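I have placed the structure first, in the form of C-alpha cells, so that the comments after it can refer back to it.
For clarity, every value in this text was computed on a predicted model and none was experimentally measured. Start at 1 with the first residue, then count along the sequence. Hydrogens, waters and symmetry mates play no part in the numbers below; they use all other heavy atoms, side chains included. Order of appearance sets the numbers: ligands from 1, and atoms from 1 within every ligand.
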Amino acid sequence: MKDHATGIGALALFLGLSGPAAFSQNAPDTIDAHLIAARTAAGFEFTGTLARLCVAPIAVPSAMQDVAPGPVPARDTWYAEPAKVFDNLYFVGSKIHNSWALTTSQGIILIDTLFTYNSEEEIVGGLKKLGLDPSTVKYVIISHAHSDHDGGAKLMQDRFGSHIVMGGPDWDSIEESVNRYPQGKPKRDIVAQDGQKITLGDTAVTIITTPGHTPGTLSMIFTVKDNGKPLTVAYSGGTAFTFPFTVANFDTYTESQRKMAAAAATANASVLMSNHSEFDSAITKIRTLPARKPGEPHPFDLGKMAVARYFVVTAECAQAARLRLGQHPK
Ligand SMILES: [Zn+2]
C-alpha cells in the first residue's frame with residue numbers, strides 16, 4: 001500500500017500534473033515510505049546523493065562550526081584538469097568540488113571557488129590553461145559560505161576586482177567567523193535576493209534562494225549551449241545535512257528542495273549541476289566527454305524528468321531524517 005501510494009505521488013510529480021504538493025500529499029509520512037520514494041527517484045543517476053542523504057545522514061556538522069582550516073591535503077588527492085564542458089561553460093574545479101566558469105559576451109561569471117589552498121591553481125591556473133583570462137571574471141556567485149566553496153572569493157575580489165554574490169545570512173556568517181578565515185575574509189559585496197538576475201552581457205544567472213544547508217544557500221538557473229543548442233541548468237547550491245538537526249531545519253531544507261524543483265520545472269531545466277562531484281558526477285561525466293560521438297546526448301543533459309527526480313531524492317531523504325529525529329529524542 002505504502003509503495004503504491006508513493007508511486008502515484010512520484011508519478012504525478014514526474015508528469016508535472018500537479019507539482020510537488022501532490023507528492024507530499026500522497027506519500028505516507030513514514031520513514032520507510034520516504035526512503036523508498038527517495039531510492040526510486042534516485043535511479044542510476046543520483047546514487048551519490050542518495051547514499052549521502054538517505055543511507056548515512058549522520059550529523060557531522062564540522063562545516064557549520066567556526067573552526068580553522070586543517071592541514072592542506074596532498075595535491076594528488078584533489079587536483080583535476082580544467083575542461084571545456086559546454087560552448088560557454090568551463091570546469092575549473094577539483095576532483096571533489098566544482099567551480100564553473102560561465103563565459104558571456106562581456107566576461108566571465110564564476111560559480112563557487114573551492115578552498116583557499118586550491119583556488120589559485122585550479123581556478124586562476126585553470127582559466128589560463130583553457131585560454132580564458134581570470135581578470136575578466138566580473139561576478140563570482142558563492143553557493144554558500146563553507147570553506148570548500150568560498151575559499152577563493154577573497155582572491156578573486158582582491159586580485160581581479162570581481163563582484164562577489166552571496167546570500168545575506170552567509171555574508172553574516174563570514175563576518176561573525178573568528179577562526180575560519182586565517183588568510184582574510186572577502187568583504188561584503190552583493191547580497192543576493194530571491195529571483196535576482198546576475199546579468200553580464202548576453203547571459204543571466206537567476207538566483208533561487210534555497211535556505212537549508214546554510215541559511216543563505218543559493219541555487220541557480222542558467223542556460224548553457226551544447227554545439228549551439230541551448231540547455232537549461234538547475235544548479236543546486238547546498239545538499240548535505242550539515243545544520244543543527246531540528247524539525248524546523250529539515251522543514252526549511254525540504255521546502256527549498258521543492259521550491260528549486262518547481263523553478264527547474266518552470267525553466268525546463270534538463271541539466272542538473274551541483275558543487276560536489278559526489279552529487280552530480282561531474283568528474284565522471286567530464287571524463288566521458290572526449291569519447292562522445294556526434295549526435296550523442298551531452299552527458300550532463302539528463303532530461304527534465306531526471307532533474308525532477310533529483311529534488312525528490314533530496315526532499316524525501318530530508319523527510320526521512322526529520323522523522324528519525326522522533327526516534328532519538330534528546
Ligand atoms: Zn557546505
Side-chain angles (χ1 to χ4, degrees), residues 46 48-54 56-70 73 77-78 92-100 110-119 122-123 140-154 156 164-177 179-181 185-186 192 207-220 234-246 249-250 252-257 259-260 272-283 310-311 313-315 317-318 321:
F46 306 123
T49 308
L50 181 75
R52 171 62 89 92
L53 298 187
C54 263
I58 311 304
V60 191
S62 61
M64 57 175 272
Q65 293 165 6
D66 188 24
V67 293
T77 65
W78 52 263
V92 287
S94 72
K95 282 179 182 167
I96 301 155
H97 298 93
N98 302 344
S99 175
W100 294 101
L110 187 74
I111 300 173
D112 282 324
T113 60
L114 314 176
F115 285 102
T116 302
Y117 66 76
N118 61 3
S119 48
E122 295 277 27
I123 297 174
V140 177
I141 306 175
I142 302 290
S143 60
H144 64 271
H146 282 162
S147 55
D148 47 350
H149 308 295
D150 71 359
K154 179 179 164 55
M156 298 305 295
I164 313 295
V165 182
M166 211 178 320
D170 284 30
W171 278 119
D172 295 344
S173 94
I174 289 178
E175 288 172 355
E176 289 159 9
S177 167
N179 300 312
R180 287 211 311 272
Y181 302 90
K185 303 173 180 184
I207 302 285
I208 313 290
T209 53
T210 51
H213 179 74
T214 66
T217 293
L218 305 179
S219 294
M220 291 151 232
Y235 184 96
S236 173
T239 311
F241 302 154
T242 50
F243 44 78
F245 277 20
T246 65
N249 283 345
F250 279 111
T252 299
Y253 180 99
T254 301
E255 278 311 303
S256 288
Q257 301 311 302
K259 178 184 180 185
M260 190 54 193
L272 186 284
M273 287 182 160
S274 174
N275 42 21
H276 290 246
S277 257
E278 179 184 2
F279 304 128
D280 68 2
S281 307
I283 288 288
Y310 178 85
F311 294 104
V313 176
T314 53
C317 290

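- Closest of all the heavy-atom pairs between A234 and F311 is CB-CE1, 4.4 Å.
- A distance below 6.0 Å separates the ring centres of Y117 and W78.
- Taking the Zn ion (ligand 1) as reference, the nearest N/O/S atom within H144 carries the name NE2.
- Within H213, the N, O or S atom at minimum distance from the Zn ion (ligand 1) carries the name NE2.
- With respect to the Zn ion (ligand 1), H146 has ND1 as its nearest N, O or S atom.
- Screening H144, H146, R180 against S173 for a side chain to side chain donor-acceptor pair (under 3.5 Å) leaves a single residue, R180.
- Under 2.8 Å from the Zn ion (ligand 1) lies no N/O/S atom of H149, from backbone or side chain alike.
- Between F243 and F250, the ring centre distance stays below 6.0 Å.
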